[in-house]
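Notes for the one structure printed next.
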Amino acid sequence: MAQAVGPGPLVDDSEDERPKWNNKFQYLLSCIGFAVGLGNIWRFPYLCQTYGGGLGCFTISFLVSLYYNTVLTWVLWFFLNSFQHPLPWSTCPMNLNRTVLLAPGFVQECQGSSTVNYFWYRKTLNITADISDSGNIQWWLLLCLATCWAVVYLCVIRGIESTGKVIYFTALFPYLVLTIFLIRGLTLPGAADGLVYLFTPNMHILQDPRVWLDAATQIFFSLSLAFGGHIAFASYNPPRNNCEKDAVIISLVNSMTSLYASITIFSIMGFKANNDYGQCLDSNILSLINGFDLPEESIPRDNYSAVLMLLNVTQPERVAQLSLKACQLQDFLDKMSRGTVGVHMCRHARVLQADVHTRVPQHSPVLQSASGPGLAFIVFTEAVLHMPGAPGWAVLFFGMLFTLGLSSMFGNMEAVITPLLDMKLLPRGTPKEALTGMACLVCFLSSTYFTLQSGSYWLEIFDNFAASLNLLIFAFFEVVGVIYVYGIKRFCDDIEWMTGRRPNLYWRLTWRVVSPLLLLSIFLSYIALLAQRPPSYKAWNPQYEQFPLREEKFYPAWVQVVCILLSFLPMLWIPMTALTRLLARHRQGQRDAQPDAGPKLQDHRGC
């Protein structure tokens with residue numbers, strides 16, 4: 001945030017050697033790419049420097065980059081495995097440990113859950129049954145992680161001079177893929193059911209206060225507010241820049257992208273729900289035909305309800321013995337909405353934190369075991385299996401996710417690298433390429449822990465505790481610091497100098513009252529929800545008696561300590577920085593107040 005005490009220029013352009021954007025469209029694409037990430041398809045700054053950055057922002061962006069690029073690692077793994085026909089998650093593998101005397105069979109873990117569950121939890125993560133069991137590093141994930149960080153480094157090697165060129169592809173390609181999926185999705189049977197479900201409000205759910213809390217926090221995180229990436233990107237703009245127009249454009253594009261993605265995803269999820277509904281009906285029809293010795297194909301799907309009603313009236317005892325499944329299209333649509341990734345604005349689900357274990361039909365093992373980051377790798381991958389030309393759609397889907405995440409990583413890494421450059425921590429003359437390489441290398445080495453067999457448990461911890469509370473606190477202090485410490489009058493003077501007009505009443509009222517109150521309310525509500533019960537996680541345990549449901553476990557005491565540290569350590573930079581500056585100012589005041597110890601040498605320099 002540039003500052004000024006008078007009508008003069010806010011910065012001296014002649015001394016500013018920072019690189020500049022080639023054009024305004026490049027800057028907007030970078031900000032949109034940063035804001036529109038996996039959260040739209042699948043859910044910090046404290047002002048210490050004149051140009052973007054800050055220690056709290058640096059810390060939180062560093063932590064987020066660690067696990068965000070791990071998600072890209074999983075995306076890359078699925079992307080590479082999509083170049084196969086049939087797809088590797090379409091069938092269960094054979095159990096090669098069976099003796100020769102026994103007939104060969106499929107792996108029991110896969111048969112007991114589903115093919116997509118098995119590929120995700122066993123073939124990709126090879127996950128342990130408890131977070132205390134770290135397991136070994138999975139070499140395929142380590143190679144993909146190294147590849148992802150190498151790609152990130154090559155893209156951000158020279159800051160905006162390199163990302164500004166790559167962003168044309170990474171920000172625009174997902175819209176092309178979304179459009180292709182939308183056209184295909186609208187032609188699939190059941191798409192209309194998915195869209196009707198999307199735009200039909202559930203008044204019972206809307207009465208739940210947590211829904212509104214989820215909606216408020218999701219739009220906050222969706223815009224990537226308080227990460228520092230937007231400030232870092234904006235610092236490369238000329239001082240006289242219409243920042244108000246930029247903010248409105250970025251917000252509208254982000255929200256419209258969420259709606260556009262929602263329509264695309266729900267059209268395909270409607271197809272998936274109809275397909276599952278049809279399979280459920282076919283299973284019940286087969287049970288009726290076998291149970292009552294009826295001719296094959298004598299009960300079409302359209303007549304199933306009428307036939308079942310007739311049999312319930314005439315022979316209820318025999319019908320009760322069949323243990324028929326409850327087949328309701330609404331149940332499958334509910335299941336899809338709780339498993340849909342990134343349609344947060346319309347169905348109140350946070351990416352990486354959606355809750356899918358409630359109101360899920362007991363005959364849907366895919367969704368019973370899908371929660372957290374696995375949603376993108378379970379729900380949609382199963383939907384792709386039912387589409388003609390499945391490998392091609394899988395390549396497009398995971399290619400889109402990779403470019404989405406990559407464009408968001410540009411903003412995360414810019415929020416890490418820009419403070420290092422501005423605070424001049426390295427010797428003068430150190431090439432930016434070397435600094436960027438060191439930052440990426442440190443991030444890569446730090447994130448190797450996520451490639452352990454227990455890595456996905458730790459990723460959920462980082463996602464739940466490293467960012468959420470810190471983001472809210474940093475944003476609150478940012479608003480309070482600018483409006484009530486720096487002063488809204490001086491801030492409005494700065495905006496007027498930059499844009500040529502003063503902020504209207506809407507902006508001033510929002511900054512003074514609405515934003516601080518909303519942020520404080522969300523923060524207190526968030527704390528209240530966390531305090532209701534000890535933090536827990538859901539473990540994938542094939543030995544669990546209710547498998548394929550995931551076993552809910554409470555975190556051990558030492559893991560809870562880590563959660564607390566992740567929640568509060570980044571925000572400690574705020575009081576630490578304030579205290580350090582207060583002590584420095586106090587010492588300077590004492591030094592100025594001391595009388596001269598002796599005659600002062602004449603200073604012959606000019607005033």
Side-chain angles (χ1 to χ4, degrees), residues 1-5 10 35 44-61 64 212-213 216-232 234-235 243-244 246-248 250-251 415 419 422 466-499 502-530 567-586:
M1 176 61 61
Q3 301 180 7
V5 295
L10 299 179
F44 305 102
Y46 174 64
L47 299 177
C48 300
Q49 306 289 330
T50 299
Y51 275 110
L55 296 175
C57 168
F58 168 84
T59 305
I60 207 67
S61 295
V64 170
W212 297 100
L213 175 62
T217 53
Q218 182 52 50
I219 192 62
F220 180 85
F221 294 118
S222 173
L223 286 168
S224 300
L225 302 178
F227 275 94
H230 286 304
I231 295 180
S235 69
C243 55
E244 177 185 8
D246 295 343
V248 172
I250 294 169
S251 301
D422 289 349
S468 301
L469 292 177
N470 293 285
L471 278 171
L472 294 171
I473 288 293
F474 286 177
F476 176 78
F477 278 103
E478 177 183 352
V479 173
V480 172
V482 171
I483 301 305
Y484 291 100
V485 179
Y486 179 72
I488 191 171
K489 182 180 182 303
R490 287 201 292 173
F491 184 61
C492 290
D493 291 340
D494 295 342
I495 299 296
E496 184 179 14
W497 183 88
M498 295 175 66
T499 64
R502 294 187 71 80
N504 57 37
L505 179 62
Y506 166 79
W507 293 109
R508 298 197 303 273
L509 184 63
T510 300
W511 294 331
R512 278 184 179 273
V513 181
V514 178
S515 292
L517 287 181
L518 278 178
L519 288 170
L520 186 60
S521 300
I522 293 173
F523 172 75
L524 295 178
S525 301
Y526 200 89
I527 291 293
L529 289 175
L530 290 178
S567 298
F568 293 102
L569 274 182
M571 70 177 66
L572 289 181
W573 285 114
I574 297 177
M576 288 172 57
T577 303
L579 181 61
T580 301
R581 295 198 172 190
L582 182 62
L583 293 176
R585 183 173 299 179
H586 180 68

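- The closest side-chain heavy-atom distance from Phe491 to Ile495 is below 4.5 Å.
- Salt bridge status for Lys489 with Asp493: present, with a side-chain N to carboxylate O gap under 4.0 Å.
- Atom-to-atom distance recorded for Ser521:OG and Leu517:CG is 6.0 Å, nearest 0.5 angstrom.
- Taking CZ of Phe474 as the reference point, atom CG of Leu472 lies at 11.0 Å (rounded to 0.5 Å).
- Looking at every heavy atom in both residues, Arg512 comes nearest to Tyr484 through O-OH, 2.5 Å.
- Asn470 places no side-chain N or O within donor-acceptor distance of the main-chain N or O of Ile60, the cut-off being under 3.5 Å.
- The two residues Met571 and Ile473 make their nearest non-hydrogen contact at CE-CG1, 3.7 Å.
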Would you check, one step at a time, whether the test side chain to side chain contact (heavy atoms under 4.5 Å, CB included) holds for Tyr486 with Asp494? CA-CA 11 Å; Tyr486 179 72; Asp494 295 342; 2.5 Å; yes
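- Here the straight-line distance linking atom SG of Cys492 with atom CZ of Arg502 works out to 5.0 Å at 0.5 Å rounding.
- In this structure, Ile527 CD1 and Ile522 CD1 are separated by 13.0 Å, a value rounded to the nearest 0.5 Å.
- In this view, Leu583 and Leu579, Arg587 satisfy the side chain to side chain contact (heavy atoms under 4.5 Å, CB included) rule, not counting sequence neighbours.
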Test Leu519 against Val479 for side chain to side chain contact (heavy atoms under 4.5 Å, CB included), laying out the working first. CA-CA 10 Å; Leu519 288 170; Val479 173; 4.2 Å; yes
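- Atoms OG and CG, on Ser515 and Leu520 in that order, are 12.0 Å from each other to the nearest 0.5 Å.
- Considering every non-hydrogen atom in both Pro503 and Arg508, the closest pair reads O-NH1, 2.7 Å.
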